[in-house]
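Note sheet for the following structure.
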There are 2 protein chains.
Amino acid sequence: MSPTPARTSRAAIIAAAAELLEAHGLEALTMAAVADVVGVRAPSLYKHVADRQQLIAAVADEAVRDLGMAIGNVPGMTDDGVQARLRSVATAFRTFARTRPRATALVFAGLGTEHQPSVDAARAAVAPLLSLAAELAGPERALEAARALTAYAYGFAAMESGGAFRFGSDVDAAWSAGLEALIRGLAA
Amino acid sequence: MSPTPARTSRAAIIAAAAELLEAHGLEALTMAAVADVVGVRAPSLYKHVADRQQLIAAVADEAVRDLGMAIGNVPGMTDDGVQARLRSVATAFRTFARTRPRATALVFAGLGTEHQPSVDAARAAVAPLLSLAAELAGPERALEAARALTAYAYGFAAMESGGAFRFGSDVDAAWSAGLEALIRGLAA
DNA sequence: ACCTGAACACCGTTCAAGT
DNA sequence: ACCTGAACACCGTTCAAGT
């Protein structure tokens with residue numbers, strides 16, 4: 001007669017889904033596999049998430065928040081100049097994208113979902129980058145500069161994770177050279 | 001007794017798959033849907049392609065070739081300086097990515113496939129960009145410069161197609177400003 | 001030599017029945 | 001109030017049977 005307490009939770013389900021995505025790709029993120037990780041049967045998931053699309057959307061939203069924290073909490077930046085801090089934030093972005101490439105692709109390329117993270121979440125995530133861009137290029141051109149930096153960082157990280165850089169040579173050096181060039185150009 | 005002639009072809013199948021991908025997304029690229037477009041039943045496709053993964057890979061390969069042609073045949077560039085030609089080629093890339101966003105994501109982000117386009121195909125596609133990069137930044141730094149330009153162009157186009165630019169303001173102006181900054185910085 | 005229907009394993013999702 | 005097995009429609013893939 002006593003109603004059973006929940007044997008899993010929305011948070012656990014989203015975490016399991018994010019793990020499966022990163023470990024084995026989007027096609028491995030099945031309701032049965034997620035259910036298996038959290039220890040229930042597939043139909044039970046529908047008590048916690050509407051359907052698979054919404055679960056994927058929730059994984060993307062969580063990734064946006066994680067990314068925001070990753071680039072918002074870069075340590076020891078108080079003493080540096082704008083360009084050095086921008087370099088640190090962009091590199092934190094790259095590190096995040098290398099750690100969670102498939103979640104990053106879900107957020108930025110959106111292949112496999114029609115979902116967009118909420119405007120508020122996106123705004124919060126890029127806030128630190130936007131304020132540095134304003135410092136670098138002036139408030140008038142802050143948005144443009146932030147977009148250019150994000151485009152470069154995401155594009156580079158995506159190509160890197162996707163294996164697009166296969167002509168040898170030093171990938172780290174290419175990252176730094178491109179970033180320096182962009183920062184220099186935006187500051188001018 | 002006479003063996004039946006092929007009622008469809010590998011080329012037609014790939015074209016149908018590319019159409020479905022762009023029109024309705026990767027999850028709409030099903031064997032049944034492709035078979036329907038080319039006018040056969042799903043099992044017949046296996047006479048022409050090994051399986052769905054290989055079909056998706058073929059779509060990606062074809063997209064790489066198309067992209068190579070798109071950025072290799074930019075008209076009326078003979079009289080321009082390096083920077084102007086680079087601007088034209090990068091903009092041709094953006095135009096291609098806006099026309100075929102999902103195929104572009106398949107090639108660069110590779111979410112939904114483990115496939116990589118062959119090194120030769122990729123090399124051919126980026127050849128025009130590489131030679132311009134050499135002209136701009138010197139042969140020593142050509143590869144770095146080409147990578148930075150590709151990363152920026154793909155990243156910008158991906159974010160644009162994915163709807164990441166939703167804070168208002170002029171997206172075309174942002175594209176130009178970022179591209180100018182990068183070219184200026186790479187030339188220095 | 002290619003095409004087909006039937007069949008199988010799998011997936012997302014619903015729902016009545018359990019506790 | 002949540003969980004489950006059974007069921008349904010759909011998907012990728014195989015294969016024996018047609019022409």
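Letters go in sequence order (proteins before strands), and every chain restarts at 1.
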Single-linkage hydrophobic cluster, 4.5 Å side-chain cutoff, A:Ile13 and A:Tyr46 together: yes
Dot-bracket encoding of pairs in DNA chain D, which uses [ ] for pseudoknotted crossings and | for another strand, Watson-Crick or G-U under 3.5 angstrom: ||.|||||...|||||.||
Ring geometry between B:Tyr154 and A:Tyr154 (parallel below 30°, tilted from 30 to 60°, perpendicular above 60°): tilted
Chi angles and distances behind the salt bridge (charged side-chain N to carboxylate O under 4.0 Å, His left out) call for A:Arg100, A:Asp66: CA-CA 10 Å; A:Arg100 298 180 58 188; A:Asp66 292 346; 2.6 Å; yes
Euclidean distance, atom NZ of residue A:Lys47 to atom P of C:dC15 [Å, nearest integer]: 11 Å
B:Arg41 side-chain proximity, nearest of D:dC2, C:dC3, C:dG5: C:dG5
B:Ser131 (side chain) donor-acceptor with B:Pro128 (main chain) under 3.5 angstrom: yes
Close side-chain approach of A:Arg85 to A:Val82, heavy-atom, < 4.5 Å: yes
Plane angle bin for A:Phe93 and A:Phe108 - parallel if under 30°, tilted between 30 and 60°, otherwise perpendicular: perpendicular
Short side-chain to backbone donor-acceptor contact, B:Glu22 and B:Arg102, under 3.5 Å: yes
Letter per nucleotide, 5' to 3', of nucleotides 8-14 of chain C [B base touched, S only sugar-phosphate touched, - untouched; heavy atoms, 4.0 Å]: ---SSBB
Hydrophobic cluster membership, B:Val171 vs B:Met159, 4.5 Å side-chain cutoff: yes
side-chain N/O A:Ser44 vs D:dT4 OP1/OP2, d < 4.0 Å: yes
Between C:dG5 (P) and B:Leu45 (CG): distance, integer Å: 13 Å
Phosphate-side-chain proximity, A:His48 and D:dC3, N/O vs OP1/OP2 below 4.0 Å: yes
